Amino acid sequence: MYTRWSPELTRLTDAASGCKTVKVGNLDYRVFSGEHQQALLSVADRIDEVIEDGDRQKYSKKSAASLFKIGDETYFGKHVRFHQKAFGLRLRYFLQPSRSFWTAVVAHRLEEAGLGTPKVYAMGERRTFELISDSYIITEALKNAQTAQAYLQAQPNSLELLENAGKLLQRLHSAGITHGDIKLANFYVQGDAMGFWDLDSAQIFKDRIPQKWIVRDLGRLLSSFIITVDAMPETKPEFMNTGKIAQALAKSYGIDEQAFLPSYYSYWLKKLKLKHNFG
């Protein structure tokens, strides 16, 4: 289990690596080295306000995500309000790093594996008696990037995006990482490139990833693709075929579709409210 004191996280956030730390009240805020460092250090005492007042991408009682500017540079920031979550969930992070610090670890692993993900610039957390109350992450704002879900909606009756996602997922698993929420909205497309974002639920495995996690990710990706094309009015009836879609995903990943198709039918399909019959 990764803890707040794991060597990898310690090395990433050590002053020797150029990372700078600011303490503001109960906020522990850290900014990696780079040309962005001074600008992001300057907003430490108003980080909540900066994210809240930005161009909101997501917003709920428990979290907020936005694009915001400091000078001429645009950044992406996410604030998770753990004090609005169940006590048991907060207790989980008593020893484990908060989601923002964990995202930095996972993003670093993806970079080492040559996989695309937004670069992490800063992260922070608030704790009271070591109990997590808030978590913050600031990354680069990818220019002209969109979710794979949005990209698919402009490509009706095509399996190309799913095949590319399958290949990318296989590379992620080969690096010993599972995403934790592998839906099309958590892939991004930027020109000809494709990558992952929203990494705070990811898991890193020291040894080979257990088969059940591979099956889970493939079933989740299949269900995300099907629910998306099901809602698209341009989808032709002959394209609504679970078997053929699963075969395309399996071939791109390099696995037999029967490894994950039964779990799709027994678990993921029951979560979907499809308008059409995909078989």
Side-chain angles (χ1 to χ4, degrees), residues 1-3 6 8-9 89 92 96-97 99 102-118 147-149 151-152 158-189 193-230 239-272 274 278-279:
M1 179 183 75
Y2 270 77
T3 71
S6 291
E8 185 172 9
L9 180 56
L89 181 62
R92 179 192 305 174
Q96 294 180 6
R99 288 188 176 186
W102 179 241
T103 295
V105 171
V106 178
H108 180 68
R109 286 290 188 98
L110 262 67
E111 289 174 8
E112 288 184 328
L115 293 164
T117 195
T147 68
Q149 184 177 27
Y151 186 84
L152 176 63
S158 173
L159 292 170
E160 182 180 0
L161 181 133
L162 180 65
E163 291 167 343
N164 289 338
K167 293 173 184 176
L168 199 62
L169 181 59
Q170 196 282 327
R171 290 179 58 198
L172 184 73
H173 288 167
S174 293
I177 303 169
T178 58
H179 185 281
D181 190 14
I182 200 71
K183 57 187 178 183
L184 291 180
N186 286 335
F187 289 87
Y188 68 80
V189 179
M194 195 171 181
F196 302 95
W197 51 23
D198 204 2
L199 304 174
D200 55 11
S201 296
Q203 292 193 61
I204 296 175
F205 292 84
K206 188 175 182 180
D207 300 310
R208 185 177 179 180
I209 297 177
Q211 185 73 2
K212 69 176 183 179
W213 292 104
I214 294 173
V215 168
R216 183 181 187 277
D217 274 2
L218 286 166
R220 178 74 173 100
L221 178 55
L222 176 62
S223 69
S224 179
F225 184 86
I226 288 176
I227 194 67
T228 301
V229 299
D230 177 64
F239 190 78
M240 300 177 189
N241 187 314
T242 296
K244 288 184 178 179
I245 295 171
Q247 286 174 7
L249 174 58
K251 184 177 180 181
S252 64
Y253 184 91
I255 195 172
D256 189 321
E257 68 267 20
Q258 290 305 317
F260 62 89
L261 199 52
S263 72
Y264 165 79
Y265 282 118
S266 64
Y267 181 74
W268 295 109
L269 182 59
K270 293 178 180 179
K271 290 178 170 289
L272 305 180
L274 299 176
F278 280 69

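Atom set for the values below is all heavy atoms of this structure, side chains included, hydrogens, waters and symmetry mates excluded. Remember, predicted model here, so these are calculated numbers, not experimental data.
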Side chains of [X] and [Y]: does their closest heavy-atom pair fall under 4.5 Å?
X: I209; Y: D217; value: no
X: S223; Y: Y267; value: no
X: K183; Y: L221; value: no
X: F260; Y: Q211; value: no
X: L272; Y: Y264; value: yes
X: L274; Y: I227; value: yes
X: F278; Y: L269; value: no
X: W102; Y: V106; value: yes

[atom1]/[X] to [atom2]/[Y] distance, rounded to the nearest 0.5 angstrom?
X: H179; Y: L168; atom1: NE2; atom2: CG; value: 10.0 Å
X: I177; Y: L172; atom1: CD1; atom2: CG; value: 5.5 Å
X: I245; Y: L162; atom1: CD1; atom2: CG; value: 7.5 Å
X: I214; Y: T178; atom1: CD1; atom2: OG1; value: 9.5 Å
X: Q258; Y: S263; atom1: CD; atom2: OG; value: 10.5 Å
X: N186; Y: Q149; atom1: CG; atom2: CD; value: 9.5 Å

Using modelled atom types and a 3.5 Å cut-off, is there a donor and acceptor pairing between side-chain atoms of [X] and backbone atoms of [Y]?
X: R109; Y: G176; result: no
X: H108; Y: L9; result: no
X: S224; Y: L184; result: yes
X: W197; Y: G116; result: no

Closest heavy-atom contact between [X] and [Y]?
X: A148; Y: M194; result: CB-CE, 4.2 Å
X: Q203; Y: W213; result: NE2-CH2, 3.2 Å
X: S252; Y: K167; result: O-CG, 3.5 Å

>> Pair V189, L161 - check side chain to side chain contact (heavy atoms under 4.5 Å, CB included), show working.
In response: CA-CA 9 Å; V189 179; L161 181 133; 4.2 Å; yes
>> Here's a test for you: under side-chain contact (heavy atoms from CB on, under 4.5 Å), which of L222, I255, L169, L261 qualifies with L249?
In response: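 Testing each of L222, I255, L169, L261 against L249, the sole residue satisfying side-chain contact (heavy atoms from CB on, under 4.5 Å) is L222.
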> ring pair (Phe, Tyr, Trp, His ring centres under 6.0 Å) between Y188 and F196: does it pass, once the steps are laid out?
Replying inline: CA-CA 6 Å; Y188 68 80; F196 302 95; 8.2 Å; no
>> Applying side chain to side chain contact (heavy atoms under 4.5 Å, CB included) to R220 and D181, what does each step give before you reach the verdict?
In response: CA-CA 8 Å; R220 178 74 173 100; D181 190 14; 3.3 Å; yes
> For the residue pair H173 and Y253, does the interplanar ring angle fall in the parallel (under 30°), tilted (30 to 60°) or perpendicular (over 60°) class?
Replying inline: perpendicular
> Around Y151, counting heavy atoms of other residues, nucleotides and ligands shown, do more than 12 lie under 6.0 Å from its OH?
Replying inline: no
